[in-house]
Structures are given as structure tokens and as C-alpha cells.
Novice: 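Sharing a structure here in C-alpha cells format.
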Amino acid sequence: MAAAVSPEAERILATVARVPKGRVASYGQIASIAGLTGRARLVGWALRNSPGGTKLPWHRILRADGRIAFPEGSDAYALQIRRLARERVAVTGGRVDLARYGWHRASSLDAMLWGPRD
DNA sequence: ACCGTGACGGTAT
DNA sequence: TATACCGCCACGG
């Protein structure tokens, strides 16, 4: 049983699962929230090695500058853009406006003030 | 055990 | 805004 991977990966994946639909977060942000500041690369590793990672909203994770982390032109690159578009997240030039779609662990109040978009 | 690679990030130039 | 470097750490060869 249990693919266990590692306690850190578990926390990382659990954090990724919390990113709301229509919002995005950076690898470093996820690492910090998971209590692993400075270990953004581990987030990428955890996602890549997550058993059945298909269930996770991995497409909501981007680089710190809002760019897609996959090589431009790759299948994953195209798929991520497609999955984001499906959530109404605009991706222009392989990049998402974090000021607009970035997840800031908002409370319901913040959600009202900021709104999902617009 | 050494070294290159990578779904990263911050700072300097 | 873009490029270059360096710090970071798990893996694979």
C-alpha cells in the first residue's frame, strides 16, 4: 500500500490540492505554505512523481514570474494552457498575470473584495 | 562518491 | 524587460 513517497511530498501535494479553481500559485509559494521555504524544486519533483497526479490541479502551478514551467511547445505545455483556459485563466505568451489570478490564500472576505477575476 | 540535469527562485547587471 | 549567476536538493548515470 501507500506509495508514501515522502512526508514532504505529501504536504506539498496536499497544498497543491488546496489551490482554488480559477487561481494559480508558484512552486515557491507552494513550498513555503507546505513549510518548505526555498525548496521549490521539490514541488516540481513531488508533482512529477505523484502517483496518479492526474487527480491534482497541477496546471495551477506556475513559475514565480507566472510563466509555464514546461518547455514551450511540449505536450505538457499545451495541456496546461488548455486546462487553465478551461478555468477562465488567461494565458498570454505562455504567461499568467499573477496579480490577477494568483492565489493568496484568501478568506471568503478577500474573495469578495478581490473577486475571482475582474 | 562525483557530476550533470531540472515542472525553481532571488539578486545583480 | 531580458540575461546571467548562484543557491537549492533529489535523481540518475
Side-chain angles (χ1 to χ4, degrees):
Chain A
M1 53 186 255
V5 193
S6 84
E8 293 122 320
E10 282 295 315
R11 255 179 295 152
I12 288 172
L13 299 179
T15 302
V16 170
R18 292 175 43 200
V19 181
K21 180 180 172 192
R23 287 283 183 74
V24 297
S26 71
Y27 292 86
Q29 187 183 352
I30 294 297
S32 293
I33 295 173
L36 297 165
T37 304
R39 302 186 63 184
R41 296 194 105 117
L42 189 59
V43 175
W45 181 88
L47 286 175
R48 185 50 172 162
N49 295 295
S50 67
T54 299
K55 303 296 293 178
L56 293 166
W58 59 267
H59 56 287
R60 296 175 193 152
I61 311 305
L62 307 164
R63 281 188 175 169
D65 59 6
R67 284 176 130 35
I68 301 289
F70 296 107
E72 190 176 346
S74 66
D75 291 346
Y77 181 91
L79 178 59
Q80 182 161 20
I81 290 177
R82 208 179 133 73
R83 293 185 68 162
L84 284 172
R86 190 155 194 175
E87 299 182 359
R88 307 276 153 118
V89 174
V91 182
T92 56
R95 177 201 224 144
V96 171
D97 183 348
L98 295 182
R100 186 156 133 112
Y101 300 100
W103 178 42
H104 44 86
R105 286 211 286 171
S107 61
S108 55
L109 175 58
D110 282 346
M112 284 185 88
L113 296 176
W114 285 79
R117 68 185 180 66
D118 255 16

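The sequence lines fix the lettering, A, B, ..., with proteins before strands; numbering per chain opens at 1. Values reported hereafter were calculated over all heavy atoms of this structure, with side chains retained and with hydrogens, waters and symmetry mates removed. Being a predicted model, the structure only gives us computed values, none of them experimental.
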Novice: Whole angstrom is fine here: how far is it from CD in Glu72(A) over to P in dA7(B)?
Specialist: 15 Å
Novice: With Leu13(A) as reference, evaluate Asn49(A), Ile30(A), Leu47(A) under the side-chain contact (heavy atoms from CB on, under 4.5 Å) test and give the passing residue.
Specialist: Leu47(A)
Novice: Counting just side-chain N and O atoms, does Arg39(A) come under 4.0 Å of either OP1 or OP2 of dA10(C)?
Specialist: yes
Novice: Please determine, for dA1(B), whether a Watson-Crick or G-U wobble partner exists with both distances under 3.5 Å, and give it or none.
Specialist: none
Novice: Once you round it to whole Å, what is the distance between P of dG4(B) and CZ of Arg41(A)?
Specialist: 15 Å
Novice: For a quick check of understanding: with a heavy-atom distance under 4.0 Å over all strands, which category does Arg48(A) fall into, base, sugar-phosphate or nothing?
Specialist: base
Novice: Measure the distance from CZ on Arg67(A) to P on dG9(B) and round it to the nearest whole Å.
Specialist: 13 Å
Novice: Using whole Å, report how far CG of Leu36(A) lies from C1' of dA10(C).
Specialist: 13 Å
Novice: Measure CG/Leu13(A) against P/dA7(B) and give the value in whole Å, please.
Specialist: 16 Å
Novice: Return a table of donor-acceptor pairs under 3.5 angstrom between the side chains of residues 75-85 of chain A and protein atoms on other chains or two or more places apart.
Specialist:
unit_1, atom_1, unit_2, atom_2, d
Gln80(A), NE2, His59(A), O, 2.9
Gln80(A), NE2, Ile61(A), O, 3.0

Novice: Hey, does the side chain of Ser26(A) come within less than 4.0 Å of dC8(B)'s phosphate (OP1/OP2), counting only N and O?
Specialist: no
Novice: Tell me: CG of Leu42(A) to C1' of dA10(C), nearest whole Å?
Specialist: 8 Å
Novice: Trp45(A) has an atom CH2; how far is it from atom P of dC8(B), in whole Å?
Specialist: 15 Å
Novice: Without decimals, in angstroms, what is the distance between Asp65(A) CG and dA7(B) P?
Specialist: 15 Å
